[in-house]
There are 2 protein chains.
Amino acid sequence: MNQPANGPPTVEIQNLSRDCHEALLLALLAAGPHHGYQLALELEQKSEGAFRFNHGTLYPILHKLEQVGLIRGDWLDEQTKRKRKSYSLTEAGRTRLARQIEAWRSFFFNFFSVIGEETP
Amino acid sequence: MNQPANGPPTVEIQNLSRDCHEALLLALLAAGPHHGYQLALELEQKSEGAFRFNHGTLYPILHKLEQVGLIRGDWLDEQTKRKRKSYSLTEAGRTRLARQIEAWRSFFFNFFSVIGEETP
DNA sequence: ACACTACATATCGAAGCTCGATAGGTTGAA
DNA sequence: TTCAACCTATCGAGCTTCGATATGTAGTGT
């Protein structure tokens, strides 16, 4: 979230959870617009249950991502009264995602290198 | 830290930083006893500056790992008055490390699978 | 008509972790 | 003797995540 606009992409060991949440959300949104609840379901499905978002974690993150302009939220006012907010990736979000992927790649490389194992 | 003694190895997305710190420390100690300051230096060297421990983070973690029996700390009372505490991996620590490595491997796969990129 | 589950968003206090600063001390080299 | 590097330790501030709670709609079964 607080990454510098420019500069080398990094995934700080100190913010792994946060950065991971961010990367996963951006990646899911790269495939097309989703609303929050949908994102949680899809993450769980795609990871076969390994990853999941707590709702109490998910919504605040989405709000923050929207606030900093990485995603855009639009309330769907369909015929139905069910309120849903559709999120989509902004240009900035797309850029950040690409950078995050690079950063995670290098994180894993470093991690397994220190651990003394081949990167799988 | 709060992993169940048995059961499937997992790296929870919610505790990535903590688990990462733990895994790195255990891995460094697997190579032989180190004291805290040494661990910080070695991590920085081995990762070529990518990873580092803040002292304010490192010592509390070491204390906790010792407390739960994953590592053992021995004060070195050499001739010198410089106080150093040598940490070494316990049997439990060695087991946990092996499990953590497996867990990180699977995390790694899941992550890139959701991200939609080939695992590097 | 009623109950129940799944859908959907949101917030809040508690708990936990990390940061950066601060503290206190030793050793060796310039 | 001054300085930098070595060495351990703690604490408050700040941030994140958790789990509970709140609120309401849509659909399904009975």
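As a basis for the values below, the full set of heavy atoms in this structure was taken, side chains included, without hydrogen atoms, waters or symmetry mates. Note on naming: letters A, B, ... go to the chains in the order of the sequence lines (proteins, then strands), and numbering restarts at 1 for each one.
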What N/O pairs connect the protein and nucleotides 5-11 of chain D at under 3.5 Å? Give each pair on its own line.
residue : atom : partner : partner atom : Å
D:dC6   : OP2  : B:Y37   : OH           : 3.3
D:dC6   : O2   : B:R82   : NH2          : 3.2
D:dC7   : OP1  : B:R84   : NH1          : 3.4
D:dC7   : OP2  : B:H35   : NE2          : 3.4
D:dT8   : OP1  : B:K85   : N            : 3.0
D:dT8   : OP2  : B:G36   : N            : 3.3
D:dT8   : OP2  : B:Y37   : N            : 2.6
D:dT8   : OP2  : B:Y59   : OH           : 3.1
D:dA9   : OP2  : B:H63   : NE2          : 3.0

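No donor-acceptor distance shorter than 3.5 angstrom exists from the side chain of A:T57 to the backbone of A:F53, with no hydrogens or angles considered.
Straight-line distance from the CG atom of A:L58 to the C1' atom of D:dG19: 15 Å, rounded to whole Å. Protein atom CG of B:N15 is 13 Å distant from nucleotide atom C1' of C:dT18, rounded to whole Å. For A:L62 and C:dT9, the CG to C1' distance is 10 Å, given to the nearest whole Å. For the pair A:R52 CZ and D:dT17 P, the computed distance is 13 Å after rounding to whole Å. As a whole-Å value, the separation of A:Q45 CD from C:dC7 C1' is 14 Å. One interatomic measurement links the two molecules: CG of B:D19 to P of D:dT17, which rounds to 14 Å at whole-angstrom precision. As rounded to whole Å, 14 Å separates atom C1' of C:dC17 from atom CZ of B:F53. Whole-Å rounding puts the B:E22 CD to C:dG16 C1' distance at 15 Å.
Looking at B:R99 and B:E102, no side-chain N of the basic residue comes within less than 4.0 Å of a carboxylate O on the acidic one, giving no salt bridge.
Residue A:R52 comes nearest to B:I13 through the heavy atom pair O-CG2, 4.2 Å, listed as atom of the first residue, atom of the second, then distance.
Hydrophobic clustering of Ile, Leu, Val, Met, Phe, Trp and Tyr side chains at less than 4.5 Å, counting indirect connections, unites A:L39 with A:L41.
Residues B:F108 and A:F111 place their aromatic rings such that the two centres sit no closer than 6.0 Å.
More than 12 heavy atoms of other residues, nucleotides or ligands sit less than 6.0 Å from atom CZ of B:R105.
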